[in-house]
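Keep in mind that this is a model prediction, so the values were computed, not measured.
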Amino acid sequence: MTTRLVLQHMRPPPTTTKGRRKLVDKHGRVARDLRVSLTDRCNLRCTYCMPAEGLEWLPTEQTLNDAEVQRLIRIAVEKLGIRHIRFTGGEPLLRPNLEGIIESTAALRTDEGKKVHIALTTNGLGLDKRVEGLKAAGLDRVNISLDTIDAQRYVHLTRRDRLAGVLASIDAAVNAGVLPVKINAVVMPGVNEVDIVPLATYCLSKGAQLRFIEQMPLGPRDQWKRSDMVTADDILTYLRDAFILTPAQEPRGAAPAALWEATSTTDPGLNGQIGIIASVTHPFCGDCDRSRLTTDGTIRNCLFSRTETPLREALRTGASDDELASMWATAMWDKKPGHGIEDVGFLQPDRPMSSIGG
Ligand code: SAM
Ligand code: SF4
């Protein structure tokens, strides 16, 4: 608490003699984890994320090219203390040269002299054919999004008939050993509560770690209602119909998921961990260690931020690495203490989730 009070009267810490600084905010949090959105485009149309007709995609000239993304990633790692990078989107597998971007990221060394930990959040389409190559390029882990294993509901939820491809990719990722393979599932009221137990059974049988995510107000406007949402507590109640759950022992740190050890009540051999990300009902903002870079070169200090810091123009008009690092550090300094979803007067950010990068 003392640290927080002192920091509120300071400015972002200056660089050290080695030209490094940390992405610290005025509430004392340090960002070590960078989410990089590599495209706002997608080949699915998940109902909670996008309208059926898609969105107005960013024009290519407004998006960062490979050299620009690679430069900002290098600055984040070499000058700003980033140690974990997750590539996301939109659908990051649609980014041409994803393998090359991962390879150049893997060549960087953190302030601890280690390889950057590299992860990918993907809908899984086409991953089965690319996962070995991505691993060879330096990918450490994948999160694959899957909200149902029922073929008809998958079509309803994503507006595309692609379930078989996702399931093949989960098998391929497990076989490639980019472990633990994590499966992200968003639960929506009246849509897929019925899938909670089947998804858990499927993931445990595959040795994948399922993480349920509370739906957040980031998709099509007016679709999300706090009063209707399926909460983490609701999800636990559904799971307890079929599993014995005990809290996992390992410390949570900055991880968003609360982990549970789950054992099937009918088949004790079916067991493993299940995570619940209660972003709305039990926010973890106090431990948040993330910074975000959008595909058009903007820094966001929070998913829900209503302000952004564009770096693209500075990048294209000759700013030095130190100047860009300084703009980035200033953007993070002003990070709010919490997302404010439960506040009266909360306003959804103007950018949709697919453009911010989830
Ligand atoms: N296309 C990739 C995918 O689906 O994994 C990466 C981008 S997607 C925006 C990243 C994650 O955000 C997915 O796991 C998705 O389920 C989740 N997501 C999207 N909209 C959401 C919302 N309104 N609330 C909670 N999670 C959401
Ligand atoms: Fe595409 Fe991911 Fe959004 Fe689904 S959640 S529409 S896969 S960006």
Side-chain angles (χ1 to χ4, degrees), residues 23 30-42 49 57-58 60 62-111 115-123 127 130 134-135 137-145 178 182 184 218 254 256 288-305 308-312 314-316 321 324-325 327-329 331-332 335 349 351-358:
L23 286 176
V30 179
R32 297 286 191 191
D33 182 334
L34 173 62
R35 307 273 150 133
V36 180
S37 174
L38 288 177
T39 176
D40 60 333
R41 297 170 195 231
C42 192
C49 183
W57 312 125
L58 289 161
T60 307
Q62 287 180 24
T63 61
L64 300 183
N65 63 32
D66 286 359
E68 291 169 336
V69 180
Q70 286 163 318
R71 180 173 173 207
L72 289 178
I73 289 175
R74 179 178 53 70
I75 291 172
V77 173
E78 293 184 349
K79 292 195 169 284
L80 296 169
I82 290 294
R83 296 173 184 170
H84 298 261
I85 294 189
R86 175 173 296 279
F87 292 106
T88 178
E91 176 44 48
L93 291 174
L94 296 182
R95 172 87 185 203
N97 195 29
L98 172 64
E99 284 77 357
I101 293 172
I102 289 183
E103 196 171 297
S104 66
T105 304
L108 300 171
R109 288 295 166 265
T110 69
D111 51 1
K115 173 185 172 293
V116 184
H117 184 270
I118 305 174
L120 183 70
T121 298
T122 170
N123 62 27
L127 181 69
R130 291 173 66 185
L134 290 164
K135 185 182 176 193
L139 181 70
D140 295 296
R141 278 211 320 95
V142 285
N143 287 28
I144 300 174
S145 300
V178 281
K182 296 188 183 179
N184 291 355
L218 285 168
C288 179
D289 68 346
R290 299 200 188 132
S291 179
R292 292 171 191 276
L293 172 63
T294 67
T295 193
D296 55 344
T298 288
I299 301 300
R300 294 182 60 90
N301 57 26
C302 173
L303 260 182
F304 292 93
S305 177
E308 322 188 304
T309 301
L311 297 187
R312 191 185 68 230
L315 186 71
R316 290 184 180 173
D321 286 359
L324 292 166
M327 290 171 75
W328 198 325
M332 292 308 294
K335 179 166 168 145
R351 267 187 203 260
M353 177 73 138
S354 54
S355 169
I356 297 171

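For Arg141, the salt bridge (Lys or Arg N to Asp or Glu O under 4.0 Å) criterion is met by no residue, not counting sequence neighbours. The side-chain contact (heavy atoms from CB on, under 4.5 Å) search around Lys135 returns Val178, not counting sequence neighbours. Residues passing the salt bridge (Lys or Arg N to Asp or Glu O under 4.0 Å) test with Arg292, sequence neighbours excluded: none. Residues that satisfy the side-chain contact (heavy atoms from CB on, under 4.5 Å) test with Asn184, not counting sequence neighbours, are Thr121, Asn143, Ser145, Arg211, Ile213. Residues passing the side chain to side chain donor-acceptor pair (under 3.5 Å) test with Arg130 are Glu99, sequence neighbours excluded. Every side chain to side chain donor-acceptor pair (under 3.5 Å) that Ser355 has, sequence neighbours left out, goes to Arg351. Residues forming a salt bridge (Lys or Arg N to Asp or Glu O under 4.0 Å) with Arg71 (at least two apart in sequence, or on another chain): Asp321. Partners of Asn65 according to the side-chain contact (heavy atoms from CB on, under 4.5 Å) rule, which considers only residues two or more places apart in sequence or in another chain, are Ala67, Glu68. For Arg95, the side chain to side chain donor-acceptor pair (under 3.5 Å) criterion is met by Asp66, not counting sequence neighbours. Shown here are the side-chain contact (heavy atoms from CB on, under 4.5 Å) partners of Gln62, two or more places apart in sequence or in another chain: Leu58, Pro59, Arg312. Applying the salt bridge (Lys or Arg N to Asp or Glu O under 4.0 Å) criterion to Glu91, with sequence neighbours excluded, gives no partner residue.
Asp289 and Arg83 are not joined by a salt bridge, as no carboxylate oxygen comes within less than 4.0 angstrom of a charged side-chain nitrogen.
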Show your reasoning for whether side-chain contact (heavy atoms from CB on, under 4.5 Å) applies to Val36 and Leu72. CA-CA 10 Å; Val36 180; Leu72 289 178; over 6 Å; no

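Annotation for Ser354 and Cys49: closest pair CB-SG, 4.0 Å, computed over non-hydrogen atoms. Shown here for Pro310 and Thr298, the closest heavy-atom pair between the two residues is CA-OG1, 3.8 Å. Nearest heavy atom pair, residue Leu34 against residue Ala76, reads CD2-CB, 3.8 Å. Taking each heavy atom of Ala331 and Asn301 in turn, the nearest pair found is O-ND2, 2.9 Å. In terms of heavy-atom proximity, Thr60 sits nearest to Thr63 at O-OG1, 2.7 Å. Nearest heavy atom pair, residue Ala31 against residue Met332, reads CB-CE, 3.9 Å.
Looking at Leu315 and Leu64, their side chains come closer than 4.5 Å, going by heavy atoms from C-beta outward. A heavy-atom distance below 4.5 Å is not found between the side chains of Thr88 and Met353. Leu218 places a side-chain heavy atom less than 4.5 Å from the side chain of Phe304.
Summarising the geometry, atom CG belonging to Leu311 is positioned 8.5 Å from atom OG1 belonging to Thr294; distances are rounded to the nearest 0.5 Å. Rounding to the nearest 0.5 Å places CZ of Arg74 at 8.0 Å from NZ of Lys79. Taken to the nearest 0.5 Å, the CG atom of Asp40 stands 11.5 Å off from the CD1 atom of Ile356. In this structure, CZ on Phe87 lies 9.5 Å from CG on Leu293, to the nearest 0.5 angstrom. Here Glu78 contributes atom CD and Thr110 contributes atom OG1; the two are 10.5 Å apart, rounded to the nearest 0.5 Å.
Of the possible polar contacts, one joining the Lys335 side chain to the Arg290 backbone as a donor-acceptor pair under 3.5 Å is found. For the pair Thr295 (side chain) and Leu38 (backbone), a donor-acceptor distance under 3.5 Å is present. Judged by distance alone, the side chain of Asp140 and the main-chain N or O of Ile118 form a donor-acceptor pair under 3.5 Å.
Sequence neighbours left out, the pairs with a member in residues 100-109 that pass side chain to side chain donor-acceptor pair (under 3.5 Å) are Gln70-Ser104.
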